Structure formats: C-alpha cells, structure tokens
Amino acid sequence: MQRALNVTRERFADWYQAVVRDADMAESSPVRGAMVIKPWGYGVWELIQQELDRRIKATGHENCYFPLFIPLSFIAKEADHVDGFAKEMAVVTHHRLKQIDGKLVPDPEAKLEEPLVVRPTSETIIGDAFSRWIRSHRDLPMLINQWANVVRWEMRPRLFLRTTEFLWQEGHTAHATEAEAVEETRKMLEVYRAFAEEILAMPVIAGEKPENERFPGAVNTYSIEAMMQDGKALQAGTSHFLGTHFAEAQNIKFQDDAGALSFCNTTSWGVSTRLIGGVIMTHGDDDGLRLPPAIAPRQIVVVPMLRDKPEDADVLAYCENLVKALSGMTAFGQPLRALLDTKKIKSAEKRWNWVRRGAPLIVEIGPRDAAAGNVTYMRRDDLRDGDKVKSIAKPRVDFVESAVQLLAEIQAGLYADAKARLDGNIKSGITSFDAMAAYFGEDDDSFKGWVRVAWSRPTGTALDAVEQKLKALKLTIRNAPEGQPQTFGTCIFTGAPGVEEILIGRAY
RNA sequence: CGGAGCGUAGCGCAGCCUGGUAGCGCAUCUGCUUUGGGAGCAGAGGGUCGUGUGUUCGAAUCACACCGCUCCGACCA
C-alpha cells in the first residue's frame, strides 16, 4: 500500500525523524544540536503556550523575564545544582571579536572578568531577584513564571526531545511554609497533567520521582510520564519542591508576623518543546503526524480540486464561502482555524502534505461538490479503510453544522486510543527482579511498556545498586504514581517489605 | 568522550573492492495529453562526490587527518 511516509513505526527512531521532517515541524540547523522550528511546528508550540499560559495565570502566577546570562558565581551557590548542571553549560567568556592573522577570534583583551553562563534553568538568577523582592510575609507567596529559551549542552540531541537549545516555561515560587510550597508543587503537577490530557490528548501518569532522579537541588521532584508508541516513557513535565535549599544558598528570607526571620520554601516547575516530540510519538501513524485539534494550527483545511478550467472559479468561490463559514465558528473556546489551500501545486500533492502534517479534517471540493452543495472530507484520525483512503461525502450544511462536534470527537478519540495503550501496557503482578528482567529481556524488540512493582524505597548506596541493576537492563524508575494502594508486596530489589509502588520502563 | 555505521543533485540511493573525470528513482522546470482526485509521454535544469592533505599522468574511488549525521553506551526537559 502506498503511504504518505516511506518508513513505518516498525523502525521507530527513523519513523520519528521522517515525521518531524515530512510534517514540516522542524529541521536540524548549522548549529550542532540546535533546531530550526518551522512554521507548522512553531504554530503548535504557540497554541501550547497560549493555553498553558492561560492556565498558569488562572492559578495566580504572573509572567516575568529574566536575563539569558547568569553570572558564574550564581550557579556556584547551590552545591547539588552545580553537580547537576556543570557538565552541560555553555559559557560566555569574551565580549568582542578581533581579526588576528586574518582569522576572526575572541579578542584576548576583551575577556570577561566573570564568565557568564547561558542559563540551563533560572533558579539562581530568579532566586537572586527573590532575595531582593521578598522582605515580609506580606510579599508571599511570590508566584512567577517565565517563557524562555535555555541551553543544555547535551551529548546526543534529537529534534524536540533533546536539543541543545530549547524553549520552555519555568515557574518559580516562594512561600512562607513548607506545606504551602509542597501544595504549590503538587498543584502545578496537576495543571500539567490536565493540560497534557485535555489539550495534547496525551495521557500521563503523575507521580513522585525517586531520589536518584531528582532535580539537582530539589527536596522532591514530581513528574508526568507519557508512554510513547514504542513503549518507552517520556518525562513530559516536572515540578520540584526545593525546600529551603535555594533560599539558604541565596538568602531568600522573610519576616513573619511575629517579627522572626525565616528562609522561604521555593518551588520550580517546567514543560518544554519536548511536549511536541511527545505529541508526535503519541499520535503519529504510518502516514505521518496526527494532531489533536486543540493544538492544530489549522483544524480544517480545504483543498480545491482545480483543473485549469472555467469552473475552477466556481469551485474557489464555493471553497472561500465554506472557509468563511467555518472560520466564524468556535471550537475549543477559540475561533475555528480553517484554511483554504490555494498554493499553486497539484491538488493531490496538497492532500498528502496535509495528511503528513496531521491536519484533523481535510476537505476536498471538486466541481460536482460545488454544484451540488456538498463537501467531501477525510478524518485524519480515521484516514483509511483497509488500503483505501476514506472519503466522506455530505451536504455542506450538515458538515458545517457538525464540524465543531467532529473536531471534538477527533480530540476525544486520539486521547482514548492513547489512554488504552497506556492502561493496557502497565504490567503489574511481577514480584521479583528476575521476573522483571525476564519480562524485559525476552524478544528484545517487542513492545514492553512499563511494569508496576513494589519497592522498599532504598536510599544511598542501596539505591545506587538498584540504579545500576536497572541500568544493565536499560531500565529506569519513572515515578511512584499518585493514588498508592493501602498495602504492598515485598520489594523486588531488597526483599524487604514494600512501602510504595513504582513504574519501571525504558525511557527517552 | 568510547563502540558501530554513514556522508555522492532538494529527498532516497548506486558507483568505491578492481583509480580513467558521475548515474538511477522521486521531486523541480517546459510542452502536449489526461482529469472525482498521490496521472501519462517527451524534453530540460540542477553535483567543487562532507573538508583538507597526500599517493598518482589521473582520485567519488587508495592513504591519513579533521568535520558532520545516525544507532548503541555515558548525560538529560
């Protein structure tokens, strides 16, 4: 069968790259590990930003912007933070270039007294501001968010999933009490969970990260984990309770109503352009991307079937009218995003381009449709009947009337499919490490998903040993899901009584 | 940074072993035909063969170095 892509999901890594390229999402750039996000991909990001920004503001946060450069001494203040990020920092050391022997090089005379780090995350520079902004308990809670780019010099980049520079939002808050900061951490995790599921149609498991997977400098780290179509986990968002670690390192103090000085409890939380990689690997199929309508830059694309004949004018007029009617409607609380594709390429080509890009509804209008007042359309979430493309013909009135409902159905359908995959592929009932090793070891290429097992939450060197044992099987602990049972089996690592259930799987 | 593979037209590849100065498919452009939907025929354009150095009368082809990409490790949103 002829498909819109020349790779299938059997070769998942190749397939992923083909979708990113053929759906016009992004491409690699001359800068190693840094990507160019193309209009279709950036359009998705803008919609993600828009809706998430709304939700972040609705929970009481305000947007700010902090500098891209962070003085090296700021980073040095929190010891764990240094350990965590030192190996992946871009550093600015000069402020001028000079021609030396015909080569343009950093001017040795223009060396900075203190090097500047390109932010890998902004706890330290925002914390510095907090230490000046916060004086009294009346200044708390301090609830700040910023949309920014950050740089982490990663070893192995992969478009959207792990790039040297990426776009994200980072929330940073300061609170009077530990309880309040912990509540904030959980609240934002819940915002991410709801956003991923409702808007990205990407079901996730929210839970707490084990100690060895914590953010450098955090007391607790929580995550939402999504299951990709190859069974691997993608950490799609994180929320950190930082305790007073950063407050102590940066002197973020407030005076309480009794006049006593205390350190603030702080939090930070973020999601990035990685979410787009998650959407691709959650919903894509062998014909390319399938976008949830809520984040599709174009929800309905109308392709006129033009034939260089006089009746083309009628077809175009009919299409323009249809797009106008659709654009006046409201879907997902916003004006419906419809497009008439008038690009001067073959109509068949247009159709397949929109299939690859994942436009939820693709409408094709020929002279007979126009004359009879009909539309012919395809649902991207239900594109084929066997090998054949499923074209649905309907009176125009009916289509326009049902368009919003159709988009809602597609959104719900994509979520339901992904939810069934997630729920159906978390294996419980494994009670020993060997049984788990056997499960992941057999027929190595097949779809494995995750396992849910009990453990005794070892710490220190015992946890290191667990980590190493898992690493040998290419496994990691994803998180301890919310909603734990009352009783637990024995720990598959230590044989001690379990205190918690955790998810284990392969990950991106 | 360690192991493996790969860099030849926009994309996918052949040619390399056995050195003789570049080819195929798709895409692009032009013309004609076709038209309920990924069309056919004819013609055309497009390449310092990743970069550099070396061997040679002659290098895509052989040697060395470097750069980049992909996969597997280490790192990670």
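These numbers were taken from a predicted model, which means no experiment stands behind them. Chain letters run A, B, ... following the sequence lines, proteins first and then strands; every chain starts at 1.
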Determine the interatomic distance between [atom1] on [N] and the same-named atom on [M]; round to the nearest Å.
N: B/G47; M: B/U8; atom1: C1'; answer: 8 Å
N: B/A65; M: B/A77; atom1: C1'; answer: 37 Å
N: B/U18; M: B/C41; atom1: P; answer: 40 Å
N: B/G68; M: B/G50; atom1: P; answer: 16 Å
N: B/A22; M: B/C49; atom1: P; answer: 10 Å
N: B/A4; M: B/C17; atom1: P; answer: 23 Å
N: B/C32; M: B/C16; atom1: C1'; answer: 42 Å
N: B/G73; M: B/C57; atom1: C1'; answer: 48 Å

Using atom [atom1] of [X] as one end and atom [atom2] of [N] as the other, report the distance to the nearest whole Å.
X: A/Asn353; N: B/U28; atom1: CG; atom2: P; result: 10 Å
X: A/Glu364; N: B/U35; atom1: CD; atom2: P; result: 18 Å
X: A/Leu383; N: B/G38; atom1: CG; atom2: C1'; result: 12 Å
X: A/Arg11; N: B/G12; atom1: CZ; atom2: P; result: 12 Å
X: A/Leu5; N: B/C11; atom1: CG; atom2: P; result: 17 Å
X: A/Tyr377; N: B/G37; atom1: OH; atom2: C1'; result: 18 Å
X: A/Arg307; N: B/A39; atom1: CZ; atom2: P; result: 15 Å
X: A/Lys346; N: B/U30; atom1: NZ; atom2: C1'; result: 14 Å

Mind checking who [N] pairs with, Watson-Crick or G-U wobble, both distances under 3.5 Å?
N: B/G43; answer: B/C29
N: B/G58; answer: none
N: B/G52; answer: B/C64
N: B/C71; answer: B/G3
N: B/A22; answer: none
N: B/C17; answer: none

Residues in ring pair (Phe, Tyr, Trp, His ring centres under 6.0 Å) with A/Tyr318, at least two apart?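 Result, ring pair (Phe, Tyr, Trp, His ring centres under 6.0 Å) vs A/Tyr318: none returned.
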Answer with base, sugar-phosphate or nothing: what part of the nucleic acid does A/Thr376 contact at a heavy-atom distance below 4.0 Å?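 Contact class for A/Thr376: base.
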Can you check each nucleotide of nucleotides 70-77 of chain B against protein heavy atoms at under 4.0 Å and return B for base, S for sugar-phosphate only, - for none, in 5' to 3' order? SSBBBBBB
Checking [Y] against [X]: is there a side-chain donor and acceptor pair closer than 3.5 Å?
X: A/Thr238; Y: A/Ser223; result: no
X: A/His61; Y: A/Glu184; result: yes
X: A/Arg478; Y: A/Thr476; result: yes
X: A/Thr376; Y: A/Glu364; result: no
X: A/His172; Y: A/Ser268; result: no

Considering heavy-atom distances to RNA chain B, does A/Met305 or A/Arg21 have its closest nucleotide positioned more toward the 5' end?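 Here A/Arg21 is the residue nearer the 5' end.
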When you look at CH2 of A/Trp153, are more than 12 heavy atoms from neighbouring residues, nucleotides or ligands closer to it than 6.0 Å? no
Using the six-membered ring of A/Trp354, assess whether NZ or CZ of A/Arg357 lies under 6.0 Å from its centre and within 45 degrees of the ring axis. yes
Which pair of heavy atoms, one from A/Arg380 and one from A/Asp285, lies closest together, and at what distance? NH2-OD1, 2.8 Å
